[in-house]
Each structure stands twice: as structure tokens, then as C-alpha cells.
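Every value quoted in this text rests on a predicted model; they were computed, and no experiment measured them.
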Amino acid sequence: MTTPEPQPSDREPAEPAQSTEPADSAASSEPSEPSAASESPATSEPADSPAAASAASAASAASEGSAAGPAASGPKYADRIYRSTSGFVGGALILALACWLGIDAVAVGEGNTPWLAFAALLFLVPLVAAYTLVPAVYANEYRLRVRNPFRTITLPWGRVVSLRSGYTNEVFSDDGDKYQLWALPVSLRARKRATRRDPRVTGGRTPGTEASRRGGAPGAPDRSAGADRAPTDRSMDELRELHKNRGGEASAQGEVSVRWSYEIIAPSLAGAVLLAVLLGLG
């Protein structure tokens with residue numbers, strides 16, 4: 001009769017054994033979830049990296065294109081500079097002599113002499129520099145910039161009507177304004193000398209005859225015709241060629257600007273006033 005009683009006690013430990021299985025399964029499932037969560041960011045990084053790289057490359061390409069736009073619109077070559085070499089050298093020598101005499105008078109002069117010397121330097125130095133060192137003509141594929149003694153004129157090629165050479169070299173705008181090119185003075189002596197060197201004028205020979213005499217084919221153009229031009233006339237020919245080639249381009253359009261050289265006008269006027277006052281006071 002007492003033999004069946006141990007059976008329930010044998011079954012009771014079996015129930016806790018069954019209850020441990022969910023705990024074990026839960027314990028085993030808990031570490032698996034962080035591993036999946038930890039793996040998901042690692043897998044998302046390679047997926048996002050091509051998109052980020054493509055976006056960065058597109059942004060860099062856009063920035064390079066925007067930076068290259070203004071650079072491409074600028075001049076491809078440096079400006080051609082035209083000026084009178086003899087005038088530049090002569091002006092430098094005159095300024096050196098004037099400064100030497102003027103500074104000596106200011107340093108060792110007596111009475112009103114230092115003030116008179118100072119006023120004369122203040123009046124003359126800007127004028128000499130303006131007429132000898134300052135004048136220059138700058139030309140590129142977009143515009144012509146004329147720097148005269150007292151003002152600087154910028155003319156886009158599209159606004160230039162013509163460049164004419166007579167007793168002076170001049171440029172005309174489409175507004176009817178005329179601007180003299182101080183940096184390219186006309187030398188009648190140089191023109192006569194170039195005319196005497198031209199065989200088509202002096203000898204009455206045709207260009208074909210001159211070419212055949214020099215070993216070229218009869219009827220061929222005389223390649224030395226440019227060498228028989230005065231220097232300033234050759235410079236004007238180059239400017240006319242630029243105007244002919246670039247005058248109709250869209251990039252060579254714009255407004256004509258004129259800037260007065262107050263840095264030269266102001267000290268020269270101050271020196272003139274001071275000199276007049278000193279002379280008036282005796």
C-alpha cells in the first residue's frame with residue numbers, strides 16, 4: 001500500500017526540469033538579439049558608404065565646375081603692354097635729376113629756398129611721372145585699357161569702333177568719344193625712315209619682284225612688309241587685328257569706364273598752390 005507514494009515525489013523533480021528549458025531557451029535567445037542588433041549597424045555602413053561617396057563626389061564636381069567657370073571666363077594670356085621706351089627712360093632720368101637738385105636745395109638751402117624747392121618738387125614730379133612713366137596701353141582678348149597721364153579708360157572690344165593713326169594714335173568708341181593713346185606717340189621721322197626702306201615705294205618694284213630678288217617665288221607676298229613699318233604703326237596693326245578678331249565676341253562686351261588719376265592731380269595742384277603762395281609772399 002505504501003509503494004505508490006514515492007511516484008509523485010519522483011514526478012515533482014521532473015516539473016522543475018521542464019521549467020528550466022524555457023529559461024535556458026530565453027537565456028540563449030537574449031544574447032542572440034544583441035548580436036543581431038550589433039550586426040545590423042555594421043551591415044548598414046557598407047550600404048551607406050557608396051551613396052555617401054557618390055554624393056561627396058557630386059558635390060566636389062559641382063564645386064569644381066563652379067570654381068572653373070569664372071576662371072575659364074578670364075583671359076587666357078597675359079595682357080600685351082605697349083609703351084614708349086624712350087619716353088620711359090627719359091622720364092626716369094629727368095626725375096632722378098630733379099630729385100637730386102631738389103633734395104639738395106631742401107637740405108642745404110637758406111631762407112625760403114627749401115620751401116620753394118619742396119613746392120617745385122611737389123608740383124613737377126607728379127607731372128613728369130604722368131607724362132613719361134604712367135602712359136601705357138594694355139590689351140587682351142576681352143578689352144583695351146588705355147592709361148593716359150590723367151585718366152585710365154577701359155574699353156571692351158565690342159565698344160571699339162576703330163583705331164586711327166594720323167599725327168596721333170586714337171581709339172574711337174561707339175558713343176562717338178575719342179581717346180588718344182599717349183603711350184604710342186607718332187614719330188614722323190620713323191615713318192619716313194620706314195618708307196625709305198620699303199622698296200615698293202622707293203624703287204618702284206612690285207612685291208613679286210622684290211620676293212624674287214630675295215630668292216622667293218615670283219608673285220609671293222613680301223614677308224618683310226611688317227618690318228618696314230614704324231614701331232608704333234606695327235603696334236597699332238596688332239591692336240586692329242585684336243579688334244577685328246574679338247570685337248564680335250559675347251565675352252568682349254561691356255561698359256566703357258573712365259577713372260581719373262587723382263593720385264597725380266591732387267599733389268600737383270597742392271604743389272602749384274604752395275609755389276604760388278611762396279612766390280607771392282616774396
Heavy-atom closest pair, residues Pro135 and Ala129: CD-O, 4.4 Å
Salt bridge (charged side-chain N to carboxylate O under 4.0 Å, His left out) partners for Arg159, two or more places apart: Asp174, Asp175, Glu255
Pairs meeting criterion salt bridge (Lys or Arg N to Asp or Glu O under 4.0 Å) with involvement of residues 101-126, two or more places apart: none
Residues in salt bridge (charged side-chain N to carboxylate O under 4.0 Å, His left out) contact with Arg191, at least two apart in sequence or another chain: Asp233
Listed partners of Thr113 passing side-chain contact (heavy atoms from CB on, under 4.5 Å), at least two apart: Ala105
Least distance between heavy atoms, Leu155 atom then Ser173 atom: CD2-CB, 3.9 Å
Sub-4.5 Å side-chain heavy-atom contact between Phe172 and Asp177: no
Salt bridge (charged side-chain N to carboxylate O under 4.0 Å, His left out) partners of Lys192, counting only residues at least two apart: none
Nearest non-hydrogen partners of Ala119 and Leu278, listed with the distance: CB-CD1, 4.1 Å
Rounded distance (nearest 0.5 Å) linking atom CD1 of Ile265 with atom CG of Leu269: 7.0 Å
Derivation and outcome, side-chain contact (heavy atoms from CB on, under 4.5 Å), residues Val186 and Tyr167: CA-CA 6 Å; Val186 173; Tyr167 292 105; 5.8 Å; no
Any residue meeting side-chain contact (heavy atoms from CB on, under 4.5 Å) with Ser86, in chain and number order, not counting sequence neighbours: Ser84
CZ on Phe88 to CG on Leu93, rounded to 0.5 Å: 10.5 Å
Leu116 CG to Leu121 CG distance, which is reported to the nearest 0.5 Å: 11.0 Å
Distance, nearest 0.5 Å, that separates CH2 of Trp157 from CZ of Arg143: 9.5 Å
Single-linkage hydrophobic cluster, 4.5 Å side-chain cutoff, Tyr262 and Leu127 together: yes
Close side-chain approach of Ile264 to Val134, heavy-atom, < 4.5 Å: yes
Where Ala139 and Leu144 come nearest, the two heavy atoms and their spacing: CB-CD1, 4.0 Å
Hydrophobic cluster identity match, Val137 and Val256, side-chain contacts under 4.5 Å: yes
Partner residues of Ser187 under the side-chain hydrogen bond (donor to acceptor under 3.5 Å, both in side chains) criterion, sequence neighbours left out: none
All side-chain contact (heavy atoms from CB on, under 4.5 Å) counterparts of Thr168, not counting sequence neighbours: Glu170, Gln180
Residues in salt bridge (charged side-chain N to carboxylate O under 4.0 Å, His left out) contact with Glu263, at least two apart in sequence or another chain: Arg259
Same apolar cluster: Val258 and Leu181, side chain cutoff 4.5 Å: yes
Leu279 with Leu124, same ILVMFWY side-chain cluster at under 4.5 Å: no
Would you list the atom pairs, donor with acceptor, under 3.5 Å between side chains in residues 238-249 and any protein atom, with sequence neighbours excluded?
| unit_1 | atom_1 | unit_2 | atom_2 | d |
| --- | --- | --- | --- | --- |
| Glu238 | OE1 | Tyr82 | OH | 2.7 |
| Arg240 | NE | Leu163 | O | 2.9 |
| Arg240 | NH1 | Asp237 | OD1 | 3.1 |
| Arg240 | NH2 | Leu163 | O | 3.3 |
| Arg240 | NH2 | Ser165 | OG | 3.0 |
| Glu241 | OE2 | Asn245 | ND2 | 3.4 |
| His243 | NE2 | Val160 | O | 2.7 |
| Asn245 | ND2 | Glu241 | O | 3.2 |
| Arg246 | NE | Glu141 | O | 2.8 |
| Arg246 | NH2 | Ser251 | OG | 3.2 |

All pairs passing ring-ring contact (aromatic ring centres under 6.0 Å, His included) where residues 106-134 contributes a residue, at least two apart: Tyr131-Phe150, Tyr131-Trp182
Intermediate values then yes/no, side-chain contact (heavy atoms from CB on, under 4.5 Å), Asn148 and Ile153: CA-CA 8 Å; Asn148 282 340; Ile153 306 101; 3.9 Å; yes
Test side-chain contact (heavy atoms from CB on, under 4.5 Å) applied to Val125 and Leu95, step by step: CA-CA 7 Å; Val125 168; Leu95 285 177; 4.0 Å; yes
Side-chain donor/acceptor of Asn169 to backbone N/O of Leu184, under 3.5 Å: yes
Sequence-distant partners of Leu281, side-chain contact (heavy atoms from CB on, under 4.5 Å), two or more places apart: Val277
Separation of Arg83 CZ from Arg147 CZ (nearest 0.5 Å): 5.5 Å
